[in-house]
Amino acid sequence: MSATVTEVVPPTRPGTLKILLREPAAAVSLTVVVLVILAALLAPWLAPYDPFETDLMAVMQPPDEKYLLGTDGQGRDMLSRMLFGLRVTLAMGALSLGIGGVIGVAMGFAAAYYRRIDGLLMRLADIMLSFPAILFGLAIAAIFGPGVTAVVIALAVATIPLMARIARSTALVVLGLDYIEAAHAQGMGDARLIWRHLMPNCASPILVFATLRFGQVILLGSALSFLGLGAQPPVAELGAMAAQGRTFLFFAPHISVIPAVGIFVVVLAFNVLGDALRDALDPRLRV
Amino acid sequence: MTPLLEIQGLRTVFRSANGDIPAVDGVDLAVPRGKTLGIVGESGCGKSMLSLSVMRLVPRPGRVAAGRVLLEGQNLLDLSEAGMRAVRGGQVAMIFQEPMTSLNPVHPIGLQIMEAMRAHDTKASNRELRDRAIAALDRVRIPAAARRFDEFPHQLSGGMRQRVMIAMALACRPKLLIADEPTTALDVTVQAQILDLLKDLQAETGMSIVLITHELGVIAEMADEVAVMYAGRIAERSTAAELFASPQHPYTLGLLGSVPRLDETREELLAIEGAVPPPFALPKGCRFEPRCPFALAACRSAPPPLEEVAPGHFAACIRAPVENSLDIAA
């Protein structure tokens with residue numbers, strides 16, 4: 001058999017990013033997410049003032065040209081505090097999502113791959129799910145004392161069962177596919193099979209869920225901080241800032257409203273992005 | 001010379017609420033070295049379960065309940081899971097029916113061949129494995145192997161993917177290749193190319209092949225020996241030439257009668273009446289009896305043993321040799 005070599009030019013498939021940017025809402029949310037992350041990372045360079053420096057001559061100033069977002073009850077610059085607060089809020093969310101995600105995905109994959117322990121792991125997940133995250137946060141704060149650590153632990157634990165369920169159901173579908181059987185027939189070991197074949201093929205639903213969950217985690221984290229269980233003064237954190245401003249809500253509403261709007265925008269952006277990502281990663285919509 | 005693979009009394013069952021349901025029920029087979037054994041039968045006759053039993057990859061809730069699978073005298077059913085993993089892809093490799101879905105869509109094909117090699121060789125450097133993977137692609141006649149190395153499965157046709165699967169299966173030079181309907185999903189022309197390739201590779205490497213198929217044409221093309229399976233049992237076993245020249249089991253006759261041929265003028269094909277009995281409602285006697293045009297009362301009482309009707313030719317039918325007693329419809 002002789003084969004002539006012909007140059008095959010495969011039709012270029014639009015990348016995920018390109019599909020994502022087709023949708024205006026997705027493009028806007030992605031831009032907001034990128035800007036928010038950049039702002040948080042570059043806070044020390046972007047902030048016009050020290051976020052902890054008080055100017056007692058300018059307390060509760062509404063936004064003006066000196067203090068672009070005004071000042072809070074102690075005369076600290078709101079813009080600088082927002083930038084640093086964003087840092088703490090995002091870091092809290094990322095850390096808890098990271099910890100909860102890794103443990104949850106490992107748990108879900110283990111349940112799907114080793115069916116023997118499936119029942120045990122999933123009932124464990126059910127038990128974890130039956131605790132409201134806020135209640136759990138209260139318990140953790142009571143044990144470790146309130147602070148960012150307590151919030152991260154509480155949110156990570158609240159994320160584990162959700163991630164485990166998503167990972168398990170996705171893995172069960174992938175494990176039923178022919179290339180998994182082929183890999184078994186090649187004598188591939190469990191660890192390699194999970195890493196090489198299971199992980200990459202389960203990535204997109206997990207990634208989508210993680211994006212959506214990030215918004216929820218930030219909201220929960222801010223709520224815990226608002227309740228005084230999270231970031232403690234003088235640390236700037238969006239939820240805590242909103243809480244500190246509520247005494248002055250009637251004569252200086254900007255102190256509470258600005259961090260609240262910040263939380264709203266971040267959560268909304270991550271939710272819209274998650275939805276758009278789900279559509280973009282769906283191979284059926286790849287045209 | 002002893003056969004490469006010997007299967008003795010193999011029984012694979014699936015657990016159910018009503019007790020164990022047999023998928024493979026007391027099968028004895030031998031695969032000679034360097035030769036091809038064809039296993040032919042209808043869907044659901046247990047031929048795929050037989051091959052998965054040899055690999056110890058029967059999906060749950062199935063399990064091998066009895067028997068021995070001797071690879072060069074070593075019973076694979078006694079091996080530890082780690083020992084079995086070394087056999088899979090090492091000494092015994094397998095290719096599957098669906099080349100379209102048997103490759104992982106997210107990795108380039110070359111990497112997947114390297115992975116198959118890596119499973120049995122932890123020492124070789126990546127560069128060395130890469131060279132060997134390209135050589136493997138070259139060996140299955142994939143043009144421009146070095147460039148194809150980085151392509152993804154979706155960029156290849158079905159025939160090319162099956163070649164990649166064969167390259168992966170042969171990556172570690174197995175002594176036995178189990179091919180489970182390797183050409184069923186392919187075009188007829190591509191089918192012939194793949195079968196030719198398998199034959200060439202067999203001549204090069206001296207491996208044995210177990211070819212599972214439901215097409216007698218493929219058997220005629222490829223097999224040295226044939227086993228006809230029906231409802232989890234061997235109905236007839238002989239060399240391929242002998243089987244086509246003088247089939248002894250009514251089921252084999254039925255199979256041959258239902259193949260259209262160019263060298264005969266027949267008005268109608270002989271179809272076998274009815275369907276394979278479901279494995280949970282098997283007849284007590286001969287399993288083919290309800291569909292057999294030649295059945296006797298005695299067929300219903302006990303399953304007929306697989307008996308030698310001519311040298312090297314076995315049939316599980318109390319009326320074999322069958323031509324003696326019957327006037328076969330031409």
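Naming convention: chains lettered A, B, ... in sequence-line order (proteins, then strands); numbering from 1 in each chain. Because the structure is predicted, anything quoted here is derived from the model rather than measured.
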Contact origin within [X] toward chain A - heavy atom pairs under 4.5 Å:
{"X": "Leu111(B)", "answer": "side chain"}
{"X": "Arg60(B)", "answer": "side chain"}
{"X": "Met84(B)", "answer": "neither"}
{"X": "Ala116(B)", "answer": "both"}
{"X": "Ile142(B)", "answer": "neither"}

Among the listed options Ala169(B), Gly90(B), Ala86(B), Pro105(B), the residue most often paired with chain A at heavy-atom distances under 4.5 Å: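 Of Ala169(B), Gly90(B), Ala86(B), Pro105(B), Pro105(B) has the most heavy-atom pairs under 4.5 Å with chain A.
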
Heavy-atom pair count under 4.5 Å with chain A, highest-scoring of Arg85(B), Met94(B), Met100(B):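 So the answer, after comparing Arg85(B), Met94(B), Met100(B), is Arg85(B).
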
Where Ala182(A) and Ser102(B) come nearest, the two heavy atoms and their spacing: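 So the minimum-distance heavy-atom pair works out to CB-O, 3.8 Å.
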
Inter-chain contacts: [range] against chain B, heavy atoms under 4.5 Å:
{"range": "residues 164-181 of chain A", "result": "Asp178(A), Tyr179(A), Glu181(A)"}
{"range": "residues 184-191 of chain A", "result": "His184(A), Ala185(A), Gln186(A), Gly187(A), Met188(A), Gly189(A), Asp190(A)"}
{"range": "residues 99-122 of chain A", "result": "Arg115(A)"}
{"range": "residues 193-204 of chain A", "result": "Arg196(A), His197(A), Pro200(A), Asn201(A)"}

Arg173(B), CZ: over 12 other non-hydrogen atoms inside 6.0 angstrom: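 Open: at most 12 neighbouring heavy atoms sit under 6.0 Å from CZ of Arg173(B).
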
Within 6.0 Å of CZ in Phe152(B), more than 12 heavy atoms from elsewhere: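 Result for CZ/Phe152(B): enclosed.
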
